[in-house]
Amino acid sequence: MASKMRTCQLNINHLRKVVELHELAFKGFFLTELGSSFLKQYYKSVIRSDKALNLGVIDENSELVGFAITAKISKGFNKSIIKQNFLGFLGIAFKLLILRPKAIYRLFINLEKKSSDFKDDQGDYCELLSIATHPDKQGLGIGKKLLIETEKQLKSEGYNNLALTTDYHDNSDVIRFYEKSGYSIYYDFITYPQRKMYKLIKNI
């Protein structure tokens, strides 16, 4: 049970396990397909950022079995991460330019997750960028534990709203989980390439 597990602040020593968990939890996703080198650079940059809240769940065997990555202010977060770690991302981008040139365009479009139709979104909220649980630990309440602790810590720092994006189609269980947790639909939008998404938001 999740009650036997503890939350922790992620640090650079958790990086390898965070990448492993991402690859297990998000098989077939675009960012996963960019490879371990990209994921390592991205999560290393985020874990080191004071503009992010990075939480993990440790089990009774001291293993990282879940994590949640949150931008404290959504607007401009990924751009700032890339700018602050430009050389590291430049090397990854160069490799992608050679091996998968179309991935460069898709990468930056998906990292922004903007809606061209919803002009009222100013990005002035926290945003849950990634939340993952080890596939063998599903159903133990780890995701809920991470979400509750994320909200608690953000609120203690004076933040008021937490948003996230999730798939529009064939995703009813996940949407129901977030709605039961107090999230409501902010708007829906299309991201590249023609993938329909929901943006959900909650006053914490």
Side chain to side chain contact (heavy atoms under 4.5 Å, CB included) between T70 and L154, intermediate numbers included: CA-CA 9 Å; T70 306; L154 290 172; 4.0 Å; yes
Salt bridge (charged side-chain N to carboxylate O under 4.0 Å, His left out) assessment of D167 paired with K196: CA-CA 6 Å; D167 282 292; K196 195 168 185 177; over 6 Å; no
Stepwise side chain to side chain contact (heavy atoms under 4.5 Å, CB included) test for D121 and K199: CA-CA 10 Å; D121 184 353; K199 171 103 40 170; 4.1 Å; yes
Trace of the side chain to side chain contact (heavy atoms under 4.5 Å, CB included) decision for D124 with I73: CA-CA 6 Å; D124 54 349; I73 296 294; 5.8 Å; no
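Atom CD1 of residue I148 and atom CG of residue L55 lie 12.5 Å apart, to the nearest 0.5 angstrom. One distance of note links NZ of K145 with CZ of R6; it measures 10.5 Å at 0.5 Å rounding. Between T165 atom OG1 and D188 atom CG the span is 12.5 Å, to the nearest 0.5 Å. Atom CG of L162 sits about 12.5 Å away from atom NZ of K155, to the nearest 0.5 Å.
Ionic pairing of E63 and K17 is present here: one or more N-O contacts between side-chain nitrogen and carboxylate oxygen are shorter than 4.0 angstrom.
A salt bridge (Lys or Arg N to Asp or Glu O under 4.0 Å) with E157 holds for exactly one of K51, K72, K152; it is K72.
In the hydrophobic cluster analysis, where Ile, Leu, Val, Met, Phe, Trp and Tyr join through side-chain heavy atoms closer than 4.5 angstrom, I12 is grouped together with L129. Following chains of ILVMFWY side-chain contacts shorter than 4.5 Å, one cannot reach F86 starting from F38, and the two form parts of different hydrophobic clusters. I82 and L90 fall into different hydrophobic clusters, where Ile, Leu, Val, Met, Phe, Trp and Tyr residues are linked whenever their side-chain heavy atoms come under 4.5 Å apart, directly or through other members. Both V174 and Y198 belong to a single network of hydrophobic side chains, linked directly or stepwise wherever heavy atoms of I, L, V, M, F, W or Y lie under 4.5 Å apart. When hydrophobic clusters are built by joining Ile, Leu, Val, Met, Phe, Trp and Tyr residues whose side-chain heavy atoms come closer than 4.5 Å, directly or via intermediates, M197 is grouped together with Y187.
Using a 4.5 Å heavy-atom threshold, the side chains of S49 and I81 count as touching. By the 4.5 Å heavy-atom criterion applied to side chains, I204 and N161 are not counted as neighbours. Between V46 and F77 there is a side-chain heavy-atom pair separated by less than 4.5 Å. Contact of the Q9 side chain with the L53 side chain is registered, since non-hydrogen atoms from C-beta on lie closer than 4.5 Å. Between V18 and L39 there is no side-chain heavy-atom pair separated by less than 4.5 Å. Considering only heavy atoms from C-beta on, I69 comes within 4.5 Å of L10 through its side chain. A 4.5 Å side-chain heavy-atom check between Y186 and Y125 finds at least one atom pair inside the cut-off. Using a 4.5 Å heavy-atom cutoff, the side chains of I47 and F67 are not in contact.
Across I131 and L128, no two heavy atoms sit closer than the pair CG2-CD2, 3.9 Å. Scanning all heavy atoms of the two residues, the minimum distance from S156 to Q153 falls at OG-O, 2.7 Å. Scanning all heavy atoms of the two residues, the minimum distance from S181 to E151 falls at O-OE2, 4.5 Å.
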Could you tabulate the donor-acceptor pairs under 3.5 Å formed by side-chain atoms of residues 20-27, not counting sequence neighbours?
unit_1 : atom_1 : unit_2 : atom_2 : d
E20    : OE2    : R16    : NH1    : 2.7
H22    : ND1    : Y43    : OH     : 2.7
H22    : NE2    : T32    : OG1    : 3.0
E23    : OE2    : S36    : OG     : 2.4

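Between the side chains of S37 and Q41, not a single donor N or O lies within less than 3.5 Å of an accepting N or O.
Within a 6.0 Å radius of CG in D170, no more than 12 heavy atoms belonging to other residues, nucleotides or ligands are found.
Checked by atom type and distance alone, the side chain of N85 never pairs as donor or acceptor with a backbone atom of G88 at under 3.5 Å.
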